[in-house]
Amino acid sequence: LRVVTLLDRGVEQARQLENEPVAQAELLQALGELYQKLGNLPRADSLLTAAVERRRQALGPSHPDVGRALVALGLARADRAQYAEAERLVREGLVLGSQGRPATHPDALEATTALAHVLRERGAYDSAIAVQERVVRLRGDSATPELAAGLSELAAAHFFAGHYAVADSLNGRVLALSRTLHGDRHPLVAEDLLNLGAIRFDRGDYVGAERYYRQ
């Protein structure tokens, strides 16, 4: 049994939930995000678009959950290099997800992180850094997976902007957090080590890069 077979079955089940539009939209979005991770971007886009429409029909166009669906669709469009459309969708989702909520609400923070990601993907590094720095400040200092992910996104923006010293410092913090949260052998620790190696590689420190890559 393959994962994609299970997802295809899930799509069929989702189509049977016409009388439960909220549940249907939630399932469509979850399936779309999984297809996105598997690299089937056209299928992901179709499901995430359907999730947006079902949420709008069931909850109204201004509901915060519509905003969450728009953010998910925007990230999928960014993966397809449709950056202008991705930014528009994420910004719209951020407005809906933030209305009447504190800036620290999880949906608002996730949407803001998504905006920083899209800005970085389209090469607007300074804007991405400014947006993501706000997310990191709002996350606070508690050792959480969300803070680690936020710092990693900020480090990536600095890396692509050529701010290697800042990126190195941030990735060092992320590595320490990942080890605290997950232990030394977690895949996220490997990802952090690769990021630290990439910084050294780009700076011409091939011995240092190799050390991190081997780890």
Please determine whether a side-chain nitrogen of the Lys or Arg among [X] and [Y] lies less than 4.0 Å from a carboxylate oxygen of the Asp or Glu.
X      : Y      : result
Glu146 : Arg139 : no
Glu92  : Arg88  : yes
Arg54  : Glu18  : yes
Glu210 : Arg200 : no

Is there a side-chain contact between [X] and [Y] in this structure, where contact means two heavy atoms from C-beta onward sitting under 4.5 Å apart?
X      : Y      : answer
Leu154 : Ile129 : yes
Leu96  : Pro64  : no
Ser62  : Gln99  : yes
Leu181 : Pro145 : yes
Gln36  : Leu41  : yes
Gln29  : Leu73  : no
Phe159 : Asn171 : no
Val90  : Leu70  : no

Taking all atoms of both residues into account, what is the closest heavy-atom pair of [X] and [Y], and its distance?
X      : Y      : value
Gln132 : Gly150 : NE2-O, 3.0 Å
Ala209 : Gly197 : CB-O, 3.4 Å
Ala44  : Gly32  : CB-O, 3.2 Å
Pro102 : Ala108 : O-CB, 4.3 Å
Ser152 : Val174 : N-CG2, 3.6 Å

Handout entry: Qualifying salt bridge (charged side-chain N to carboxylate O under 4.0 Å, His left out) pairs with a residue from residues 2-11, counting only residues at least two apart or across chains
Key =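 Qualifying pairs, neighbours excluded: Asp8-Arg43.
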Would you confirm whether [X], through its side chain, and [Y], through its main-chain N or O, come within 3.5 Å as a donor-acceptor pair?
X      : Y      : result
Thr113 : Leu109 : yes
Glu85  : Arg77  : no
Ser98  : Leu94  : yes

Problem - Side chains of Arg15 and Gln24, donor plus acceptor under 3.5 Å - result: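 No - no donor-acceptor pair under 3.5 Å links their side chains.
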Practice task
I would like to know whether Arg203 and Ile199 meet side chain to side chain contact (heavy atoms under 4.5 Å, CB included); could you show each step before the answer?
Solution key: CA-CA 6 Å; Arg203 300 180 83 172; Ile199 294 168; 3.9 Å; yes
Exercise for the section: Let me see the working for Tyr35 and Leu48 under side chain to side chain contact (heavy atoms under 4.5 Å, CB included), right down to the final yes or no. Expected result: CA-CA 10 Å; Tyr35 274 109; Leu48 292 170; over 6 Å; no
Reported [atom1]-to-[atom2] distance for the pair [X] and [Y], which is rounded to 0.5 angstrom:
X      : Y      : atom1 : atom2 : answer
Glu87  : Ser127 : CD    : OG    : 8.0 Å
Asp202 : Asp168 : CG    : CG    : 12.0 Å
Asp79  : Lys37  : CG    : NZ    : 11.5 Å
Leu151 : Asp192 : CG    : CG    : 10.0 Å
Tyr83  : Arg120 : OH    : CZ    : 10.0 Å
Arg214 : Leu193 : CZ    : CG    : 14.0 Å

Is there a path of hydrophobic side-chain contacts, each under 4.5 Å between heavy atoms of I/L/V/M/F/W/Y residues, joining [Y] to [X]?
X      : Y      : value
Val71  : Val131 : yes
Leu75  : Phe160 : no
Leu28  : Leu38  : yes
Leu138 : Leu170 : no
Val4   : Val11  : yes

Exercise for the section: Give the intermediate values and the outcome of side chain to side chain contact (heavy atoms under 4.5 Å, CB included) for residues Glu133 and His158. Expected result: CA-CA 11 Å; Glu133 281 179 340; His158 277 290; 4.1 Å; yes
Exercise for the section: Could you walk me through whether Leu17 and Leu27 pass side chain to side chain contact (heavy atoms under 4.5 Å, CB included), step by step? Expected result: CA-CA 9 Å; Leu17 295 174; Leu27 182 54; 4.1 Å; yes
Practice task
Flag yes if more than 12 heavy atoms outside Arg179 fall under 6.0 Å of its CZ atom; otherwise flag no.
Solution key: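 Above 12, so yes.
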Handout entry: Residue from Tyr212, Tyr206, Tyr164 passing ring pair (Phe, Tyr, Trp, His ring centres under 6.0 Å) with Phe201
Key = Tyr206
Problem - Set of residues satisfying salt bridge (charged side-chain N to carboxylate O under 4.0 Å, His left out) with respect to Glu53, sequence neighbours excluded - result: Arg56
Handout entry: Those residues that, when tested against Asp107, pass side-chain contact (heavy atoms from CB on, under 4.5 Å) (two or more places apart)
Key =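 Here the qualifying residues are Arg68, Arg101, His105.
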